[in-house]
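Presented below is the structure to which this report refers.
Keep in mind that what you see is a predicted model, and the values were worked out from it rather than measured.
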Amino acid sequence: MKRRDPRQRQRRHIDRSFDSVNDDPYLARGKPSGPAVCPGCGAVFRRGRWQWGEATGKAGGHECPACKRTRERQPAGYIRLSGTFFASHRDEVLRLVRNEEGREKRMHPLQRIMAIREVRGATEVTTTDVHVARRIGDSLRAAFRGSLVLRYSPDDYLVRVNWSR
């Protein structure tokens, strides 16, 4: 039987990405007192997290972080879609983007698409969270191949995803 020496320490990760975690500034530092419902989207804060469901009668109104980001127009993820393949299959690619967002949003109400707009000859999709942007980028690469470039901001809670084909 192995005995663990109490003086042994856990090895620290050498990769610096584990050491400096950028927290989302839009997540509340404190929890609402009791259950709350977002007046914008209807998400319910219950058992320490935002989720979809019915609000109880005693739930107070409290804006969720995703609605606050959308209102203030401060996205956490930028997805840039470009290329000749994208131009000829635009509807199909955007349908995949919407489906992926819907799949993610069912489980995580704070992960949404904020806007889809045309910017300098490309289409830009903005999201409320870095995880949904990354997932959309991975889905595009898996479905249509192409070039995928991810750039995380070292100082902010932000990711830029560039997909082209």
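- Applying the side chain to side chain contact (heavy atoms under 4.5 Å, CB included) criterion to P35, with sequence neighbours excluded, gives T56, K58, A59.
- Nearest approach of A133 to V159, heavy atoms of both residues: CB-CG1, 3.8 Å.
- Each of V149 and Y152 belongs to its own hydrophobic cluster when Ile, Leu, Val, Met, Phe, Trp and Tyr are linked at side-chain heavy-atom distances under 4.5 angstrom.
- For the side chain to side chain donor-acceptor pair (under 3.5 Å) test, residues two or more places apart in sequence or in another chain that qualify with T123 are E118.
- With sequence neighbours left out, the side chain to side chain contact (heavy atoms under 4.5 Å, CB included) criterion links A87 to no other residue.
- When hydrophobic side chains of Ile, Leu, Val, Met, Phe, Trp and Tyr are connected at separations under 4.5 Å, Y78 ends up clustered with L158.
- Residue T127 comes nearest to D129 through the heavy atom pair OG1-O, 3.0 Å, listed as atom of the first residue, atom of the second, then distance.
- Listed by first and then second residue, the ring-ring contact (aromatic ring centres under 6.0 Å, His included) pairs that reach into residues 29-49 are F45-W50, sequence neighbours excluded.
- Across all their heavy atoms, R46 and G53 have their closest contact at NH2-CA, 3.9 Å.
- Residues meeting the side chain to side chain donor-acceptor pair (under 3.5 Å) test with R117, sequence neighbours left out: E124.
- Tracing side-chain contacts under 4.5 Å through hydrophobic residues (I, L, V, M, F, W, Y), one never reaches L94 starting from M114; they form parts of separate clusters.
- The line from CH2 of W163 to CG of L148 is 9.5 Å long, rounded to the nearest 0.5 Å.
- Here V44 sits in one hydrophobic cluster together with V37; the rule is ILVMFWY side chains under 4.5 Å apart, joined directly or through other members.
- Atom-to-atom distance recorded for T84:OG1 and R165:CZ is 8.5 Å, nearest 0.5 angstrom.
- A chain of hydrophobic side-chain contacts below 4.5 Å, direct or via other Ile, Leu, Val, Met, Phe, Trp or Tyr residues, connects V93 to V132.
- Annotation: ring-ring contact (aromatic ring centres under 6.0 Å, His included) contacts involving residues 84-127, sequence neighbours excluded, comprise F85-H89, F85-F144.
- Atom CG of N162 sits about 11.5 Å away from atom CG of L140, to the nearest 0.5 Å.
- A salt bridge (charged side-chain N to carboxylate O under 4.0 Å, His left out) check over residues 72-88, counting only residues at least two apart or in different chains, returns nothing.
- Every residue was checked against the side chain to side chain donor-acceptor pair (under 3.5 Å) condition with E54, not counting sequence neighbours, and none meets it.
- For the pair S164 (side chain) and G83 (backbone), a donor-acceptor distance under 3.5 Å is absent.
- A chain of hydrophobic side-chain contacts below 4.5 Å, direct or via other Ile, Leu, Val, Met, Phe, Trp or Tyr residues, connects V97 to V130.
- Contacts classified as side chain to side chain donor-acceptor pair (under 3.5 Å) and involving residues 93-105 (residues at least two apart or in different chains) are given here: E100-R103, E100-R135, E100-S139, E104-R135.
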Extract all donor-acceptor atom pairs below 3.5 Å that involve side chains of residues 63-70 and protein atoms in other chains or at least two apart in sequence.
| from | atom 1 | to | atom 2 | distance (Å) |
| --- | --- | --- | --- | --- |
| E63 | OE1 | R71 | NH2 | 2.9 |
| E63 | OE2 | R71 | NE | 3.1 |
| R69 | NE | T128 | O | 3.4 |
| R69 | NH1 | Q74 | O | 2.6 |
| R69 | NH2 | D24 | OD1 | 2.6 |
| T70 | OG1 | A66 | O | 2.9 |

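- To the nearest 0.5 Å, atom CD1 of residue I136 and atom CG of residue L81 are 9.0 Å apart.
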